[in-house]
Amino acid sequence: MQEIIRFEDMNLSDEIKHAVKDMGFDEATKIQAQSIPLILEGKDVIGHSQTGTGKTAAFSIPSIEKIDKDMLGKVQVLILCPTRELAIQACDEIKKFTKYLPKIKAVPIYGGQAIERQITALKNRPQIVVGTPGRVMDHMRRKTLKLDCLKAIILDEADEMLSMGFREDIETILKDVPEERQTILFSATMSKEIMDITKKFQKNPELIKITRQQITVPSIEQYYFEVPRGKKNEVLSRLLDVYNPTRSMVFCNTKKQVDELVEELNVRGYAASGLHGDMKQTERTRIMNAFRNAKIDILVATDVAARGIDIDDIDAVFNYDIPQDMEYYVHRIGRTGRIGKEGKAFTFVCGRQQIYQLRDIENFTKAKIVLKAIPSSTEVIETKSRKLISEIKKTIEKGSLEKYNKIIDELLEDYSSLDISTALIKLIFAKENSYEPTKSDDALFENEGNRIKAEKVKMSNAQKKRSVQAKRQQHNSSARKNVVRADESNMDKISINLGRRQKVSAAHILGAVAGESGLPGKSFGRIEILDTCTIVSVPHEHTKEILAAMKGCKIMGYKTITRKI
Ligand code: ADP
Ligand code: MG
């Protein structure tokens with residue numbers, strides 16, 4: 001067991017210690033405790049640990065400490081991040097660390113913001129630049145970003161950068177910066193591609209690996225529910241009412257589903273908003289702020305849209321749709337139970353095939369995901385009543401109710417106090433939440449649990465395999481039937497590098513292209529599955545956006561490349 005290390009006892013300047021204290025950090029996380037001293041020593045480092053373990057501080061704190069005070073006019077640290085959101089977030093955190101170091105400046109540069117503004121910011125002589133690879137290259141080419149005095153380059157979230165297709169850009173940048181620099185790489189997952197980069201560009205790197213056992217956050221309780229088809233909304237409402245999370249996130253696999261669910265939740269009286277990959281930045285920021293300031297209780301998002309969101313104090317994560325990719329599960333539930341806080345993760349499982357998917361996730365994460373019964377309508381009503389009772393008690397105890405006496409007196413002339421109280425409670429329930437659990441679903445929920453359990457026992461492994469295959473074929477043909485209707489005359493063809501060999505089905509492909517692009521499934525044409533790739537007919541006017549949306553998309557856990565043919 002490694003001992004606990006406090007920032008106070010680390011070899012850091014008083015200014016940094018003071019700032020870290022202001023941020024409420026006391027103990028260093030494992031990845032921080034191990035990487036900060038090595039980076040301070042000047043070593044190249046590979047840091048491998050799960051999302052939410054504090055990697056930003058792990059590389060930012062020592063980088064700030066190493067800035068040469070005699071070269072304050074030069075960029076000395078370059079941090080590459082996969083998205084503008086992550087770049088902004090990392091830069092904001094660095095600004096907090098440099099709170100008591102007024103001469104040290106950090107600037108974020110990313111695509112989507114006017115380049116002139118960034119040129120002005122860069123002229124202001126920052127020592128730290130945090131940016132996305134594309135925009136960094138752009139500035140290097142324009143010579144508005146000069147890296148001749150660079151002392152350290154950091155690849156943050158290297159796995160995300162690679163899966164988003166930034167490999168070439170990263171290599172170009174790494175080749176272009178001074179030989180005599182420190183190269184640091186952080187990632188939540190490791191792959192051969194990442195190791196290739198480290199071999200090519202790092203010098204005797206030290207690998208710091210915080211293993212999954214150590215990092216599975218024990219404070220996340222993980223449950224799943226067997227949900228009958230078409231009943232996800234009912235189940236979600238019941239769980240929201242019974243567990244009553246202050247702040248929660250709900251994950252769906254498609255943008256369309258996000259929209260539909262937000263609408264449904266709003267109708268049911270919940271303060272929910274959706275987050276979309278294709279939303280404008282200002283809109284995203286507005287929604288994120290509303291969520292942060294508790295104006296929204298529930299944020300509904302797709303995996304891509306939720307990338308890089310960093311909000312603590314999320315009590316519960318709901319997997320409304322089971323994640324398409326096992327790694328997404330880890331990312332999703334990592335939103336709750338952040339450092340030292342408790343959290344719950346609920347996954348909806350719909351049908352037998354998804355149970356197998358859930359088992360795969362369990363094997364992959366080495367976590368136990370426990371089956372739980374869907375709360376009954378009685379339980380929901382009881383929880384709500386208890387909440388109301390305690391609120392009424394508190395209000396009575398607080399006193400100062402005299403000013404309402406007149407209303408009560410008037411009512412008492414015609415009605416009993418019991419009648420009046422009952423009517424008031426009805427009013428409160430109606431106002432607070434227009435939704436009531438559907439009693440008739442109770443029997444269905446119980447049956448569903450029993451049915452799936454019975455089937456699970458019956459099926460041998462071989463049977464399991466066959467049934468999954470049969471399902472796939474069924475999917476295949478039904479998806480085809482649905483899509484052939486589209487008019488092929490105005491179509492382009494795109495190819496995705498997954499085919500029969502990867503056991504991909506038309507449903508998978510259609511799910512991915514429709515989900516990522518946000519276009520309805522019926523707008524796609526023929527889906528032709530070949531040995532190693534799949535050809536999809538796509539509406540000509542949307543080809544460009546589909547290709548952009550598919551960049552970095554994973555299907556069945558495979559990283560994909562999509563091209564126009
Ligand atoms: P990662 O990059 O590993 O996903 P982040 O650097 O984004 O993780 O950190 C996750 C959250 O934990 C942030 O809100 C950060 O402020 C907080 N955090 C980081 N280090 C500590 C610490 N030592 N103590 C308390 N909170 C921390
Ligand atoms: Mg990070």
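Only this structure's heavy atoms are used, side chains among them; waters, hydrogens and symmetry mates stay out. Each ligand, and each atom within it, is numbered from 1 in the order the structure gives.
The residue from L12, I5, N11, V45 that alone fulfils the side-chain contact (heavy atoms from CB on, under 4.5 Å) condition with I36 is L12.
The Mg ion (ligand 2) has E157 OE2 as its protein N, O or S neighbours under 2.8 Å.
A search for side-chain hydrogen bond (donor to acceptor under 3.5 Å, both in side chains) contacts involving R284 returns E85, not counting sequence neighbours.
Atoms of ligand 1 found under 4.0 Å from any heavy atom of Q50 (numbered from 1 in listed order, with element): 3 (O). Shown in contact with T53 at under 4.0 Å from a heavy atom are these atoms of ligand 1, numbered in order with element: 1 (P), 3 (O), 8 (O). Ligand-side atoms of ligand 1 in range of F7: 23 (N), range being under 4.0 angstrom from any heavy atom. Atoms of ligand 1 lying under 4.0 Å from at least one heavy atom of E27, given by number and element, are 22 (C), 23 (N), 24 (N). Every atom of ligand 1 with a heavy atom of T56 under 4.0 Å away is listed here by number and element: 2 (O), 5 (P), 6 (O), 7 (O).
Looking at S13 and Y100, their side chains never come closer than 4.5 Å, going by heavy atoms from C-beta outward. Looking only at side-chain heavy atoms (C-beta outward), C91 and V107 stay at 4.5 Å or farther from each other. Between D297 and S248 there is no side-chain heavy-atom pair separated by less than 4.5 Å.
Residue-to-ligand polar distances keep A28 apart from ligand 1: every N/O pair is separated by 3.5 Å or more. In terms of N/O distances under 3.5 Å, ligand 1 is not approached by Q89.
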Dump the intermediate steps for salt bridge (charged side-chain N to carboxylate O under 4.0 Å, His left out) on D259 and K255, then the final yes or no. CA-CA 6 Å; D259 279 341; K255 292 173 191 172; over 6 Å; no

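Cation-pi check for K17 over F7 is not met; the charged atom does not lie both under 6.0 angstrom from the ring centroid and within 45 degrees of its normal.
Ring pair F346/Y243: centre-to-centre distance below 6.0 Å. With ring centers used as reference points, F186 lies under 6.0 Å from F59.
With a 6.0 Å radius and a threshold of 12 heavy atoms from other residues, nucleotides or ligands, K74 has its NZ atom at or below the threshold.
Considering each of F25, F59, F186, the one bringing a non-hydrogen atom nearest atom 16 (O) of ligand 1 is F25.
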